[in-house]
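Below is one structure; the comments refer to it alone.
The figures that follow rest on heavy atoms only: side chains count, while hydrogens, waters and symmetry mates do not.
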Amino acid sequence: MSNEVRHRLSDLRRAFHRRPEPGWREFQTTARVVEELERIGVDEIAVGREALATDERMAVPPDADLEPWRERAREAGVRADILERTADGHTGVIAVLEQGEGPCLGLRVDLDAISMRESTEADHRPAAEGFRSEHDGYMHACGHDAHLAMALGTLETVKQSDFAGTLKVFFQPAEEISGGGKAMAESGYLDDVDYLLALHIGLDHPTGEVVAGIEKPLAMAHLTATFEGASAHAGKAPNEGANAMQAAATAIQNAYAIPRHSDGMTRVNVGCIEGGTASNVIAEEVTIEAEVRGETTALMEYMRTELERVCYAAAEMHDCDVTPRVISESPRVDSHPALRDLVGNVAWELEDVDRVIQSEAFGVSEDVTYLMQRVQENGGLASYVLIGTDHPTSHHTPTFDVDEESLGIGVALLSETAVELSRRRP
């Protein structure tokens, strides 16, 4: 990696950190990625609809939520052609770099931020050094800003190296809501990928530590269930109503009574309930938001089916109707041992890496598994790599930050792995 690339990494990460955007609204982020790709000089840049299978997008917000972010991007000076290509929430980019005969390597990173107000405390480095979020109520609290910087640094480094083959970088939208993975996996750009690397920074691994490939990501599904009853005066004639609030409450209570499965770990949680109009009105409509997870895709599907069954039973009990909807989901896919071991061997050769863990259970969910699944179904190999970073507080907290020394480690690991893969098959 050149000194020029190394020095640019921190500036890139901070630029993305200043302007966080939630899933399917990453208009400014997409535009900045495109600008950097044009500066680097890649062979193809697919933006928006070109990079996504539109009908496979999940958890896309309504136009009323998309348009203010698009307008903000316009006011910030985002080019009209990029705004057009990302219209209707079609964010995301795929970059293609061709360097002769050799394997096709994919690298996937994520674009989106979290709905969370970033700390203004003096000891929070982004606040102290002037790169705190400018979009109040949103922040990069999971390290996606660092992922973007590392991906761009890797592209530039690979272009300057003796890598022989094709490198495709997938800048995926909507990871936090598990909405973009399937749409990008179905874009067609993965069909000739021989190797796919994905990455995450931190996750309680310190700077200098690398996990070469994770296993056991939890399969997951986000669901809503809307209960519809009939309103009535709660004091005068409650018997004339059909209480959607009571139906939802029954469903919530019984969701946690779904039996655990003998085949492995399962999870269920109802995190939000919304509905009703007043304390003296029998609620006519109530919606709950829930999620289920499983150690395997089959176990997640078991939990999803059972949760839907609970909702139907609760609705029937209280003379209501219910409409459950799957908003987004992702399967379980493990890193392939052969690619994982190659990444580990490369990591051990890096000067700034002092510990390599070959494999570790992930324990959470990630929709990159759609991309990994597509590559592995086509006979390729995929691995999800953790690049350690010192972070003062946990992910998804207002004071989350990263050690920017880890950015260079990530670029070195990814680019050296690319070169090694272009020389031999693992």
Side-chain angles (χ1 to χ4, degrees), residues 22-25 55-68 88-89 114-115 137 174 176-179 182 218-261 265-294 297-331 365 367:
W24 299 122
R25 287 152 284 189
D55 292 343
E56 300 297 341
R57 295 184 303 159
M58 294 186 281
V60 181
D63 289 344
D65 291 337
L66 292 171
E67 192 54 36
D88 303 318
I114 293 170
S115 176
E176 291 291 349
I177 53 178
S178 300
K182 188 175 184 182
L218 301 181
M220 176 281 310
H222 293 300
L223 303 93
T224 64
T226 299
F227 295 85
E228 295 179 271
S231 61
H233 195 293
K236 180 176 180 291
N239 57 295
E240 295 179 3
N243 197 326
M245 189 72 71
Q246 185 74 346
T250 300
I252 293 170
Q253 188 70 16
N254 289 338
Y256 291 97
I258 295 173
R260 305 301 89 174
H261 203 289
M265 187 268 288
T266 56
R267 295 282 189 270
V268 62
N269 186 60
V270 180
C272 180
I273 181 169
E274 183 176 15
T277 56
S279 63
N280 63 348
V281 177
I282 300 298
E284 184 177 16
E285 182 174 302
V286 174
T287 297
I288 63 173
E289 297 182 19
E291 67 166 33
V292 294
R293 302 181 195 245
T297 304
L299 286 169
M300 177 273 286
E301 291 171 345
Y302 158 76
M303 292 297 291
R304 185 183 65 205
T305 300
E306 287 298 295
L307 179 59
E308 291 173 346
R309 182 182 65 82
V310 162
C311 290
Y312 283 121
E316 183 178 1
M317 178 183 293
H318 296 283
D319 196 25
C320 294
D321 295 321
V322 64
T323 305
R325 297 182 179 88
V326 176
I327 303 303
S328 61
E329 58 185 343
S330 59
S365 306
D367 70 344

TODO: Quick one: pull up OG in S231 and CD in E240 and give me the separation to the nearest 0.5 Å.
DONE: 10.5 Å

TODO: Verify the neighbour count for atom CG of D55: are there more than 12 heavy atoms of other residues, nucleotides or ligands below 6.0 Å?
DONE: no

Open item on the list: Test of understanding: with ring pair (Phe, Tyr, Trp, His ring centres under 6.0 Å), list the residues that count as partners of H261, not counting sequence neighbours.
Closed with: Y302

- [ ] Look at the side chain of W24 and the backbone N and O of M58, then say whether any donor-acceptor pair between them is shorter than 3.5 Å.
- [x] yes

Open item on the list: Tell me the closest heavy-atom pair linking V310 and A251, and the distance in Å.
Closed with: CG1-O, 3.4 Å

Task: Flag side-chain contact, heavy atom, 4.5 Å: I273 against M245 - done: yes

Open item on the list: Under the side chain to side chain contact (heavy atoms under 4.5 Å, CB included) test against L307, which residue among I258, N254, I288 passes?
Closed with: I258

Open item on the list: In the structure I gave you, are the side-chain heavy atoms of R325 and T226 within less than 4.5 Å of one another anywhere?
Closed with: yes

- [ ] List the atom of A225, the atom of C311, and the distance in Å for their closest heavy-atom pair.
- [x] CB-SG, 3.9 Å

Open item on the list: Around atom CG of D319, are there more than 12 heavy atoms from other residues, nucleotides or ligands closer than 6.0 Å?
Closed with: no

- [ ] Over all heavy atoms of both residues, which pair between G276 and A283 is shortest? Give the atoms and the distance, please.
- [x] CA-CB, 3.9 Å

Task: Heavy-atom pair with the smallest gap, counting every atom of A237 and A232 - done: O-CB, 3.5 Å

- [ ] Could you tell me which residues satisfy side chain to side chain donor-acceptor pair (under 3.5 Å) with D65, sequence neighbours excluded, listed by chain and number?
- [x] none

Task: CD/E67: more than 12 non-hydrogen atoms of other groups inside 6.0 Å - done: yes

Task: Minimal non-hydrogen separation, A234 against S279, with atom names - done: CB-O, 4.2 Å

Open item on the list: Nearest 0.5 angstrom please: E284 CD to E228 CD, how far?
Closed with: 8.0 Å

Open item on the list: Any non-hydrogen side-chain atom of T266 less than 4.5 Å from a side-chain atom of V292?
Closed with: no

TODO: Taking the side chain as every heavy atom from C-beta outward, state whether M220 and R304 have any atom pair closer than 4.5 Å.
DONE: no

Task: Residue pair E285 / D321, side-chain heavy-atom distance below 4.5 Å - done: no

Open item on the list: Distance check, rounded to the nearest 0.5 Å: D367 atom CG versus K182 atom NZ?
Closed with: 11.5 Å

- [ ] Look at the side chain of R25 and the backbone N and O of G23, then say whether any donor-acceptor pair between them is shorter than 3.5 Å.
- [x] yes

Open item on the list: Could you check whether any side-chain N or O of S365 sits under 3.5 Å from a backbone N or O of L218, counting only pairs where one atom can act as donor and the other as acceptor?
Closed with: yes

- [ ] To the nearest 0.5 Å, tell me how far N243 CG sits from H318 NE2.
- [x] 7.5 Å

Task: Shortest non-hydrogen separation from T250 to M317 and the atoms involved - done: CG2-SD, 4.1 Å

Task: Main-chain N/O of I177 paired with S328 side-chain donor or acceptor, under 3.5 Å - done: yes

Open item on the list: Could you check whether any side-chain N or O of Y256 sits under 3.5 Å from a backbone N or O of V270, counting only pairs where one atom can act as donor and the other as acceptor?
Closed with: yes

Open item on the list: Rounded at 0.5 Å granularity, tell me how far NE2 in H222 sits from CD in E289.
Closed with: 9.5 Å

Open item on the list: Quick check for you: to the nearest 0.5 Å, what is the distance between R267 atom CZ and M300 atom CE?
Closed with: 15.0 Å

